[in-house]
Novice: 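Let me begin by handing over the structure; questions about it come next.
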Amino acid sequence: MTRKSNHYKISCNDTSISLEGIGVLQRDSSKKTMAVLGWCMSGLALSLGVSKAGVGIFTILTLLLMLVVIVQQRANVSFYNTSSVNKALISLFFVGVFCSLLSDGGVNSAKDFVSKGSMLLLLPVCLFCLEDRKTRTNAFYFFIFGSVIACIYSLYLRSLMESGEIERIASFWDLGRWGEFLCYALAMFLPLLFGNASLKVRLLYGSVFFLLLFTLLISGMRGALLGISLVLAVYFSLLNRRYLPYFIVFSVFFGVVTYLWNPSVIENSITSFVSIFDLQNNLSNLARFSMWSHGIEYFLHNLSNDWRLILFGSGFENLIGPFSAYLESTNQMESYMNSVNTTVSLSDLHNAFFNVLNRMGVIYLLVMSVGLYAVCRALWSRYIATPNSAWLHSAMLIIMSFLVIGVFYSNELNYQTLMAAFMCCLAIRFSDAEASSKENQHV
């Protein structure tokens, strides 16, 4: 049986499956390639928590193998029949290459964008591969395994510290990306604690959730703490009020046990969270305000003086040159660099929106906005059909946490972007499978 809607197609046929509308690719005719693709999904899921090199290797392998499948079955592939989400992702990649070529960074920026922007081509492949039940299940458990290993390594690093020493603790990733990984993973697991899985499975989810939460607390990452706090508030106020008292009880118990074991974990977490709202003395906050204000001024300056920078930006990872030239020409360089004890940056405005606006230009930003709208519309259509799906709630919370963190960090197109996007793809495909299964039960 096949279920169709305006936004997506779910096929229950094991021998053929829709690439979100890009024709119908036959699995039987590419069995070996599809099997390897499935293991690439597992490798990628594992690498998200433990290895930058692994993410790069499995991304390249996945794209190459998918290219083989498309070439073998090119008669079944049509871009014009694909979903709006895939059209937006693929179009955004090529628009990014085009804008980078015409930007101030030229060919070098285009090379940088192709390297990082290849994930935009990877996501439709992930949506395709994760439609397969075995691939989806393996990828999820490999993701859990990688997350647990990364948390254990972070705890090991914490154990090496002197008693009473206050430090932010990372893992295999640097602090910023590690904090984002934890935030997105927590956003994914939160609704699963109250889903329809068996008690044993939900206990597994709960164990992973509180391990991730404890690791986030010792990481000291303020943006991730704020992100997951907002996710918790939205989830229990809008999506699951029924279980709020139970979650509060477990959280209080978790907090008390943690405090009795090591008071500094709770104390440092509270200090980090409170510092987010210190707009007078916290140097990190003041530095962000300075970078944001100068980023806006830089855009307004270009609006009157350089249409090329407005339309196509400074170039991907090429902000430092044009931005420095602007500060020098307006005699602001010294005051900018010394405004907050030199904790500001010339290459990164610490805000995903301002970075895209100034690095990639207005054209790319508009196409990206269309893509985000397509994603939100697809999720909304699924929510209307299955409003109580825990997996769908996970996808929505992941996107929310990604947008929240994007206000304070540069997560617009990097490894952490793939972290959030892959988790979202995984959640969407589990949600689709549940919806398809429920429909079949009523036939």
Side-chain angles (χ1 to χ4, degrees), residues 7-8 10 41 44-45 48-49 85 123 126-127 129-131 133 135-148 180-198 201-213 216 224 227-244 246-247 372 375-405 411 416-438:
H7 306 297
Y8 61 99
I10 302 173
M41 288 292 102
L44 180 60
L48 290 177
V85 171
L123 297 182
C126 290
L127 287 169
C129 293
L130 295 174
E131 281 187 308
R133 182 183 60 81
T135 298
R136 180 174 62 246
T137 303
N138 287 343
F140 181 53
Y141 284 110
F142 269 85
F143 172 77
I144 291 178
F145 180 69
S147 301
V148 171
E180 289 196 49
F181 175 85
L182 292 170
C183 182
Y184 304 145
L186 284 166
M188 182 173 76
F189 278 105
L190 175 61
L192 304 184
L193 303 180
F194 313 98
N196 297 323
S198 66
V201 173
R202 282 186 285 133
L203 286 175
L204 170 64
Y205 295 159
S207 300
V208 176
F209 179 87
F210 283 104
L211 176 62
L212 290 165
L213 181 60
L216 175 60
I228 196 61
S229 298
L230 292 176
V231 162
L232 288 168
V234 169
Y235 178 69
F236 285 113
S237 62
L238 299 179
L239 300 175
N240 195 354
R241 297 178 184 175
R242 175 185 174 185
Y243 286 101
L244 176 59
Y246 301 99
F247 185 81
L372 182 60
V375 171
C376 293
R377 185 181 178 189
L379 287 178
W380 182 252
S381 69
R382 286 165 163 83
Y383 179 74
I384 294 300
T386 55
N388 297 318
S389 169
W391 280 106
L392 186 58
H393 294 169
S394 293
M396 297 166 67
L397 294 180
I398 291 167
I399 291 178
M400 174 188 166
S401 59
F402 178 77
L403 294 175
V404 169
I405 290 181
N411 65 350
Q416 56 268 40
T417 316
L418 182 56
M419 292 174 184
F422 185 87
M423 293 181 210
C424 191
C425 289
L426 197 60
I428 287 172
R429 284 312 181 216
F430 271 108
S431 175
D432 287 349
E434 284 184 351
S436 178
S437 176
K438 288 180 180 179

Novice: Out of curiosity, Asn138 CG to Met41 CE, how far, rounded to the nearest 0.5 Å?
Specialist: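 Atom-to-atom, Asn138:CG and Met41:CE are 12.0 Å apart.
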Novice: For the residue pair Arg202 and Leu193, establish whether any side-chain heavy-atom pair is separated by less than 4.5 Å.
Specialist: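 A side-chain contact under 4.5 Å is absent here.
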Novice: Does Arg429 use its side chain to pair, donor to acceptor, with the backbone of Leu127 at less than 3.5 Å?
Specialist: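 Side chain of Arg429 to backbone of Leu127, a donor-acceptor pair under 3.5 Å: yes, one is there.
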Novice: Considering only heavy atoms from C-beta outward, does the side chain of Ser401 approach that of Leu397 to under 4.5 Å?
Specialist: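 Not touching, per the 4.5 Å side-chain cut-off.
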Novice: Can you check whether Ser389's main-chain N or O pairs, donor with acceptor, with Thr386's side chain at less than 3.5 Å?
Specialist: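 No: the side chain of Thr386 does not pair with the backbone of Ser389.
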Novice: Indicate yes or no for a side-chain donor-acceptor contact from Ser394 to the backbone of Ala390 under 3.5 Å, with no hydrogens or angles considered.
Specialist: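 Yes: the side chain of Ser394 pairs with the backbone of Ala390.
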Novice: Rounded to the nearest 0.5 Å, how far apart are CG of Leu48 and CD of Gln416?
Specialist: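 That separation rounds to 11.5 Å.
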Novice: Is there a side-chain contact between Leu379 and Leu392, using heavy atoms and a 4.5 Å cut-off?
Specialist: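 In contact.
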Novice: Could you report the tightest heavy-atom contact between Met188 and Leu192, atom names first, then the distance?
Specialist: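 Where Met188 meets Leu192 most closely, the heavy atoms are O-CG, 3.4 Å.
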Novice: Under the ring-ring contact (aromatic ring centres under 6.0 Å, His included) rule, collect the residues that match up with Phe143, sequence neighbours excluded.
Specialist: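 Partners of Phe143 by the ring-ring contact (aromatic ring centres under 6.0 Å, His included) criterion, ordered by chain and then number, come out as Phe181.
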Novice: Restricting to side-chain contact (heavy atoms from CB on, under 4.5 Å), what partner residues turn up for Ala224, sequence neighbours left out?
Specialist: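 Listed in chain order: Cys183, Leu216, Met221.
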Novice: Check side-chain contact (heavy atoms from CB on, under 4.5 Å) between Ser237 and all other residues, then give those that pass, not counting sequence neighbours.
Specialist: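 Scan of Ser237 (side-chain contact (heavy atoms from CB on, under 4.5 Å), adjacent residues dropped) gives none.
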Novice: Output side-chain donor-acceptor pairs under 3.5 Å for residues 417-428, partner residues at least two apart or in another chain, one line each.
Specialist:
unit_1, atom_1, unit_2, atom_2, d
Thr417, OG1, Asn411, O, 2.7
Thr417, OG1, Leu413, N, 3.2
Thr417, OG1, Asn414, N, 2.7
Thr417, OG1, Asn414, O, 3.3

Novice: Is there side-chain contact between Ser198 and Val201, with at least one heavy-atom pair below 4.5 Å?
Specialist: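 SC-SC contact between Ser198 and Val201 confirmed.
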Novice: List in chain and number order the residues that pass ring-ring contact (aromatic ring centres under 6.0 Å, His included) with Phe145, two or more places apart in sequence or in another chain; answer none if no residue qualifies.
Specialist: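 Phe145 satisfies ring-ring contact (aromatic ring centres under 6.0 Å, His included) with no other residue.
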Novice: With sequence neighbours excluded, what pairs up with Phe194 under the side-chain contact (heavy atoms from CB on, under 4.5 Å) test?
Specialist: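 Testing Phe194 for side-chain contact (heavy atoms from CB on, under 4.5 Å), a comparison that skips the adjacent residues, returns Leu190, Tyr235, Phe236, Asn240, Tyr243, Phe247.
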Novice: Given side-chain contact (heavy atoms from CB on, under 4.5 Å), test Tyr184 with Ile405 step by step and report yes or no.
Specialist: CA-CA 10 Å; Tyr184 304 145; Ile405 290 181; 4.0 Å; yes
Novice: When you measure from the side chain of Thr137 to the backbone of Arg133, do you find a donor-acceptor pair of N or O atoms at a distance under 3.5 Å?
Specialist: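 Between the backbone of Arg133 and the side chain of Thr137 there is a qualifying donor-acceptor contact (under 3.5 Å).
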Novice: What verdict does the side-chain contact (heavy atoms from CB on, under 4.5 Å) test give for Phe209 and Leu204, after you've listed the backbone C-alpha separation in whole Å, the side-chain angles of each residue and the deciding distance to 0.1 Å?
Specialist: CA-CA 9 Å; Phe209 179 87; Leu204 170 64; over 6 Å; no
Novice: Any non-hydrogen side-chain atom of Tyr383 less than 4.5 Å from a side-chain atom of Leu239?
Specialist: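 Tyr383 reaches Leu239 side chain to side chain.
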Novice: Which residues satisfy the side-chain contact (heavy atoms from CB on, under 4.5 Å) test with Leu203, sequence neighbours excluded?
Specialist: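 For Leu203, the residues satisfying side-chain contact (heavy atoms from CB on, under 4.5 Å) (neighbours in sequence not counted) are Leu199.
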Novice: Report the relative orientation of the aromatic rings in Phe430 and Phe140; use parallel for angles under 30°, tilted for 30 to 60°, perpendicular for over 60°.
Specialist: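 Perpendicular.
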